[in-house]
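Okay, here's the structure, questions in a sec.
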Amino acid sequence: MERYNPSSIEKKWQQQWEADGLYRSRVDWDRPKHYAVTMLPYPSGDLHIGHWYSMTPPDAHARYMRMKGFNVLFPMGFDAFGLPAENAAVQRNIHPAIWTAANVERMQTQLRSMGCMFDWEREINSSDPSYYKWSQWFFQKFFEGGKAYRGSAVVNWSPSLQTVLANEQVIDGKDERNGQPVEQRRMEQWFYSITDYADELLSYDGIDWPSSIEAVQRNWIGRSEGAEVVFKTESGDEIEVFTTRPDTLWGATFMVLAPEHDLVGSVTTADHAADVEAYVEATKGRSELERMENEEKSGIFTGGFAINPVNGAKVPIWIADYVLMGYGTGAIMAVPAHDGRDFEFARAFDLDVVPVIEPPEGLVAGDEMQDAYVGPGTMVNSGPLDGTPVTEEKGRKNPSVAAAIDFVEAAGTGKEAINYRLRDWLISRQRYWGGPVPMLYRKDGTVDLVPAETLPVVLPEDVEFLPSGRSPLTYNEEFLATEDAEGEPARRETDTLDTFMCSSWYQYRYLSPGFGAAPFDPEEAAYWLPVDDYTGGAEHGTMHLLYTRFFTKAMRDLGMFEDTKEIMDAHGRDTEGIFDEPMLRLKNQGQILGAERGGDTLLIEGALEGSVFKARSVSVVGASDQGDGDIRGELMGRTENILRVGHDGQVVTVEVPEDAVVDIPAIHGPNDVSQLRHHLEVERMSKSRGNVVNPDELVEAFGADVVRTHLMFAFDWTKGGPWDPSSINGSQRFIDDVWKLGRAEYVSSGGTADRGLLRQVHQTIAKVEHDMDEFSFNTALAALMTLRNAMATVLRDGSVSSSVWSTAIETMLLLLAPIAPHVTEELWSLAGRQESIHLATYPVSNTELAADDEISLIIQVNGKVRDKIMVSAGISSEEAEAVALSSEKVEDWVEGKTVRKVIVVPGRLVNIVVG
RNA sequence: GCCGGGGUGGCGGAAUGGUAGACGCGACGGACUCAAAAUCCGUUGUCCUUAGGACGUGAGGGUUCGAGUCCCUCUCCCGGUACCA
């Protein structure tokens, strides 16, 4: 028998499938459709094991759906705009387009080696003018439809990236990509009105998304119920504040404005102007990060006062940077007695603290409070509302909040309000490598659309990149000079679109990537939409996954699905709510992490010089080897020639000068510090950590089928985990065994085990089918391995008839085909089949054949297993009870005791309760 | 702090309230081999020397005939988010 040789088999079939057009997906209204999308990669240059992990299991699921009779569309593309390409251009003087194209080409080859059923005729590339033309078209339609606008706002500016960023791209005051701090600046930018959809985005009706993503998005949208209240100032201004606790209005003893607040100037009195100006200036220079790291409250008095609308009290107006311009109205009423931040501020600046909620344990005077009180109680010092109970409920559900809202509404000084943490989506970027915002500025300063018939606004290719990173569009006169619709000279917008905008609608471009009349062909859309299964990483929860939901809803409201809907109606599809959400089901995969690895054990000689230990010699020894040295321990980490060595329970820093001797017995020839192996934690893979797993090497060593199988078997797909280099052996053995079973000359010695093997075959079908539906690949493979074990035994003893053997082999191949497409195709073909196994019909589990005729009846005494007896599967409860009570083993446990109760679980167990 | 998710053998992981640890890795013993690899057979939660039994799913309590699974309290880990008024 020839040995299993994946390298020849896999290449052969990949070419064959391509030649046969096996993966072309065409509209066919006579067949049910299944549209599966997996998040498209950024063309960074090399395919990572994470790409395999995120793509091959969904591919197996898509293949499974096709064998189940669905017409499946499973496309692939590239999210090709973005900063890395531009940085490469600045650093290495390669044009982003060239850099990107080269990476795309390389990754296409690598993607093909996975053996996925991608329909390459539908490939998209977001940096292609034929694609971004439509991104620009969407922008213009959104603008015309009132869902995109240019506005001034305090935004996140990244000095290192030389661009603004969306709120979603800033975490802990740092840019989410490269971790550099961002600043707050007031700037004119382009926005999408995602906040108009805040409430609708909070609903997940009709879609099946992980609860964790729902939670993350709910959190991000941050809906809070409360009231807006207006405070009049002595200078005649009105300061609007949002509060979730209008029931504490009577305790508002001062107000605080954000330093960027519009009214700062007019409420500030002349004698305080200089101080205020200095403070505002000082906070401006501080990055968001610095603001947060500074735990002490800072602020300054404006000299101005406002009138508390509920009790007429005169309250001082302060400015402090703990009040954020980006949330609510950028101004707050401060209730130090019942808000921790306000309390801290009041104590720092010696402001009044007036409690207005009496806790159950009694009122503490404001001067004596140690902390703000935020619990339930009763309203006091609150005039007409005294005595109203305060609960821990939010919004109107809390009687005190409800009473306070009613009170301010009646008085005309406020109204019920809902506030969101979500900001409008900032989509303009001051960078080159993106789709140009298709707008222009007329001479008179007004903004207009670039005439639609001239789209796309093409990125000029002949540009010069400056080391500053400043966008070449801003100094490219050829690009800048243009004309408006009337032929008058105008200047182009130089901002480009956020790449997240490009990826907000790509699931629609896949449907007809070459379509010229619209972003997508309604004939295709009517059949394929919506996306049935979407897969990708959970880290996109507040970004891409939120944006794409918004985008689809906005498209719906702008009537962009009307043509599609008409065709759907004509075909009798139910279109109710069908364009409310882009993706019906979402599955998030986990992440593959680097494996933990011990570092070399080092023996170091040298001397302490100042605070560092300077080494004369460093040698690698066995962990149990004896030997004398000044320092002995595991190498925990290394930066250049500085080692961190575990020694006597602590970590010692060792410097290895160039003239020190490094000896690594395992590596012949001259050794240096860079060859030492340091300890690796379980953590994300990255080149700098040296813990990356290269999928190309794995494919080389094991074949794509084994790599695919292993990625699906070794982890719970939704969780991921550390990569264990040795466990892939099990998947290799499995595929090798399937090969052997498929190639074996089976010699039957009778059919004694026919019934048993057939039962197992049909039980396996049911199990695998169920697990594939749920993306539970690891348990599906466990079931297939169990069948493999049974078949290996049968192959040795010949205990089934030849026809049953054939059925078992055939079923094994069919069930495994979506997971390991090449080896199953090869065996299918070698068995004389003319048509591809991937076009075959999925096996159907026969309930009768799958039924057990004997079961192991579990017999418990007081809930503990005491005996197991094989009985007929159809045993009645009475019989089961009789069998249990007559068990000898049970007798020992029941003897001398009274049987109080007998519980029978039909077909499973009998529990005898004695006492 | 708040919101998710989780804690099960040496490891990855299985278990509609009903035999805990399926399946696999690793390890150990054996066969084959001059030898090694590969392959094959067997063992493998802990403890009691065994038949057999006791214990065992982060800790403690509860519900139940029966709890890894449901409820309460606590604890630790991972992820998200945070001066959000």
Side-chain angles (χ1 to χ4, degrees), chain A residues 3 171-173 210-220 222-224 226 241-245 248 256 258 291-292 294-295 297 320-324 326-335 338-342 344-345 419-423 538-539 541-542 590-591 593 595-596 682 710 713-716 718-734 736-737 740 767 776 778-789 792 796 856-868 889 892 900-905 907-915:
Chain A
R3 289 187 57 174
I171 293 166
D172 287 340
S211 60
S212 54
I213 295 290
E214 285 187 27
V216 159
Q217 295 193 346
R218 282 217 164 90
N219 219 318
W220 187 259
R223 181 189 152 103
S224 25
V241 300
F242 173 77
T243 174
T244 55
R245 295 302 303 275
T248 62
V256 187
R291 278 199 194 187
M292 288 194 296
N294 184 6
E295 304 210 335
K297 289 267 181 298
D321 65 359
Y322 82 92
V323 173
L324 307 175
Y327 184 78
T329 60
I332 62 161
M333 64 174 207
V335 185
H338 305 293
D339 179 282
R341 296 152 300 178
D342 297 345
E344 215 183 297
F345 193 82
N419 195 43
Y420 300 91
R421 207 184 84 104
L422 183 70
R423 302 288 90 207
E539 68 274 15
T542 57
Q591 202 169 47
L593 305 170
E596 180 155 358
V682 171
H710 188 58
F713 177 65
F715 311 88
D716 170 344
T718 60
K719 279 200 205 134
W723 175 263
D724 170 3
S726 66
S727 65
I728 193 169
N729 295 341
S731 302
Q732 185 185 29
R733 280 177 202 140
F734 171 62
D736 200 49
D737 285 348
K740 286 178 186 157
K767 171 76 177 150
S776 180
N778 56 342
T779 51
L781 272 160
L784 289 171
M785 287 177 179
T786 309
L787 180 62
R788 175 267 314 258
N789 294 343
R796 275 198 299 278
S856 170
L857 186 71
I858 305 306
I859 299 163
Q860 299 180 330
V861 177
N862 286 349
K864 289 199 187 299
V865 179
R866 297 304 180 192
D867 200 1
K868 301 169 191 180
K889 287 179 186 166
D892 300 341
R900 299 194 186 278
K901 204 198 271 190
V902 178
I903 285 135
V904 181
V905 182
R908 274 193 180 273
L909 67 70
V910 179
N911 187 9
I912 302 164
V913 184
V914 300

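Reminder, nothing fancy here: chain letters follow the sequence lines and each chain counts from 1. None of the values given here were measured: they were computed from a predicted structure.
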Just to be sure I understand the rule, does A:N789 reach a base, reach only the sugar-phosphate, or reach nothing, if contact means heavy atoms closer than 4.0 Å?
sugar-phosphate

Side chain to side chain contact (heavy atoms under 4.5 Å, CB included) involving A:Q591 - partner list, sequence neighbours excluded:
A:L593, A:R684

From CG of A:N862 over to C1' of B:U64, roughly how many Å is that when rounded to an integer?
13 Å

Residue A:K864, side-chain heavy atoms: nucleotide from B:C23, B:C55, B:U81 that is nearest:
B:C55

A:T786 or A:Y327, whichever maps to the more 5' nucleotide of RNA chain B:
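Whichever sits nearer the 5' end wins; that is A:T786.
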
Taking the C1' atom in each of B:C70 and B:G17, what is the distance between them to the nearest angstrom?
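Per the computed distance, 8 Å lies between those C1' atoms.
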
With distance as the sole test, does A:N862 use its side chain to make a donor-acceptor pair with the main-chain N or O of A:V914 at under 3.5 Å?
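Yes.
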
Please state the P separation for the pair B:G10 and B:A59 - nearest whole angstrom.
14 Å

Do A:T243 and A:V335 come within less than 4.5 Å of each other through their side chains, counting heavy atoms only?
no

Rounded to the nearest 0.5 Å, what separation is found between the CG atom of A:D867 and the CG atom of A:L909?
12.5 Å

Tell me every residue that passes side chain to side chain contact (heavy atoms under 4.5 Å, CB included) with A:R341, counting only those two or more places apart in sequence or in another chain.
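Applying side chain to side chain contact (heavy atoms under 4.5 Å, CB included) to A:R341 gives A:K297, A:Y322, A:D339.
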
Test of understanding: with ring pair (Phe, Tyr, Trp, His ring centres under 6.0 Å), list the residues that count as partners of A:H710, not counting sequence neighbours.
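If we apply the ring pair (Phe, Tyr, Trp, His ring centres under 6.0 Å) test to A:H710, skipping adjacent residues, the hits are A:W723.
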
Backbone of A:D737 reached by a side-chain donor or acceptor of A:R788 within 3.5 Å
no

Determine the Euclidean distance between corresponding P atoms of B:A27 and B:U19; express it in Å to zero decimal places.
32 Å

Between A:M785 (CE) and B:A14 (P), how many Å, whole number?
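Rounding to the nearest Å, CE of A:M785 and P of B:A14 are 14 Å apart.
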
Side chain to side chain donor-acceptor pair (under 3.5 Å) against A:S224, all qualifying residues, sequence neighbours excluded
A:Y327

Is A:T542 touching bases, backbone alone, or none of the nucleic acid, heavy atoms closer than 4.0 Å?
nothing

Roughly how many Å apart are B:G53 and B:C34, using the P atom of each and rounding to a whole number?
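To the nearest whole Å, 47 Å.
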
So does A:R341 get a side-chain nitrogen or oxygen closer than 4.0 Å to the phosphate oxygens (OP1/OP2) of B:C84?
yes

Interatomic distance, A:K297 NZ vs B:C83 P [rounded to whole Å]:
10 Å

In whole angstroms, how far is the C1' atom of B:G24 from the CG atom of A:L784?
13 Å

What pairs with A:D736 under side chain to side chain donor-acceptor pair (under 3.5 Å), at least two apart in sequence or on another chain?
A:K740

Between B:A82 (C1') and A:Y420 (OH): distance, integer Å
20 Å

Backbone N or O of A:I903 within a donor-acceptor pair of the A:N911 side chain at under 3.5 Å?
no

Which whole number of Å gives the distance between the P atom of B:G18 and that of B:G12?
25 Å

Where does B:G21 land, syn or anti, once you apply the within-90°-of-0 test for syn?
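The base of B:G21 is oriented anti (glycosidic angle more than 90° from 0).
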
Sequence neighbours excluded, which residues qualify as side chain to side chain contact (heavy atoms under 4.5 Å, CB included) partners of A:A331?
A:I239, A:V241, A:L257, A:H261, A:T329

With nearest nucleotide decided by heavy atoms, which residue, A:G730 or A:T329, maps closer to the 5′ end of RNA chain B?
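Counting from the 5' end, the first nearest nucleotide belongs to A:G730.
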
Locate the shortest heavy-atom distance separating A:M785 from A:G730; write the atom from each residue and the value.
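Between these two residues, the closest heavy atoms are CE-O, 4.4 Å.
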
Under 4.0 angstrom between A:N778 side-chain N/O and B:A14 OP1 or OP2:
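For B:A14, OP1 or OP2 has a side-chain N or O of A:N778 closer than 4.0 Å.
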
Tell me, for nucleotides 15-21 of chain B in 5' to 3' order, what letter each nucleotide earns: B for a base near a protein heavy atom under 4.0 Å, S for only sugar-phosphate near one, - for neither?
-B-BB--

Just by modelled atom types, is the A:Y420 backbone N or O under 3.5 Å from a matching donor or acceptor in the A:R423 side chain?
yes

Nearest-Å distance for atom pair CD/P, residues A:Q732 and B:A37:
15 Å

So, using side chain to side chain contact (heavy atoms under 4.5 Å, CB included) as the criterion, who are the partners of A:S856 when residues are at least two apart?
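A:I858, A:K868, A:M870.
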
With a cut-off of less than 4.0 Å, is there a side-chain N or O of A:N729 near OP1 or OP2 of B:G26?
yes

Rounding to an integer number of angstrom, what distance separates B:C3 and B:A54 when you compare their C1' atoms?
43 Å

Taking OP1 and OP2 of B:C23, is either one under 4.0 Å from a side-chain nitrogen or oxygen of A:R788?
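For B:C23, neither OP1 nor OP2 has a side-chain N or O of A:R788 closer than 4.0 Å.
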
To the nearest angstrom, how far is A:L593 atom CG from B:C78 atom P?
12 Å

Which atom pairs link the protein and nucleotides 1-12 of chain B when you take only N or O atoms and keep those under 3.5 Å?
from	atom 1	to	atom 2	distance (Å)
B:G12	O2'	A:A714	O	2.2

I'd like the P distance from B:U16 over to B:G6, given in whole Å.
14 Å

Do A:S211 and A:I213 make a side-chain contact, defined as non-hydrogen atoms from C-beta onward lying under 4.5 Å apart?
no

For RNA chain B, which consecutive runs of 3 or more Watson-Crick or G-U pairs (each distance under 3.5 Å) count as stems?
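Counting only runs of 3 or more consecutive pairs, the stems involving RNA chain B are B:1-7 with B:75-81, B:10-12 with B:23-25, B:26-31 with B:39-44, B:45-48 with B:52-55, B:58-62 with B:70-74.
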
Mind checking the P distance from B:A20 to B:U73? Whole angstroms is fine.
29 Å

Taking only residues two or more places apart in sequence, or in another chain, which ones meet A:F715 in a ring pair (Phe, Tyr, Trp, His ring centres under 6.0 Å)?
A:Y53

When the distance from CD of A:E539 to P of B:U81 is rounded to whole Å, what number comes out?
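Atom CD in A:E539 sits about 11 Å away from atom P in B:U81.
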
Would you tabulate the nitrogen or oxygen pairs shorter than 3.5 Å linking the protein to nucleotides 40-46 of chain B?
from	atom 1	to	atom 2	distance (Å)
B:C41	OP1	A:R796	NH1	3.0
B:C41	OP1	A:R796	NH2	2.9

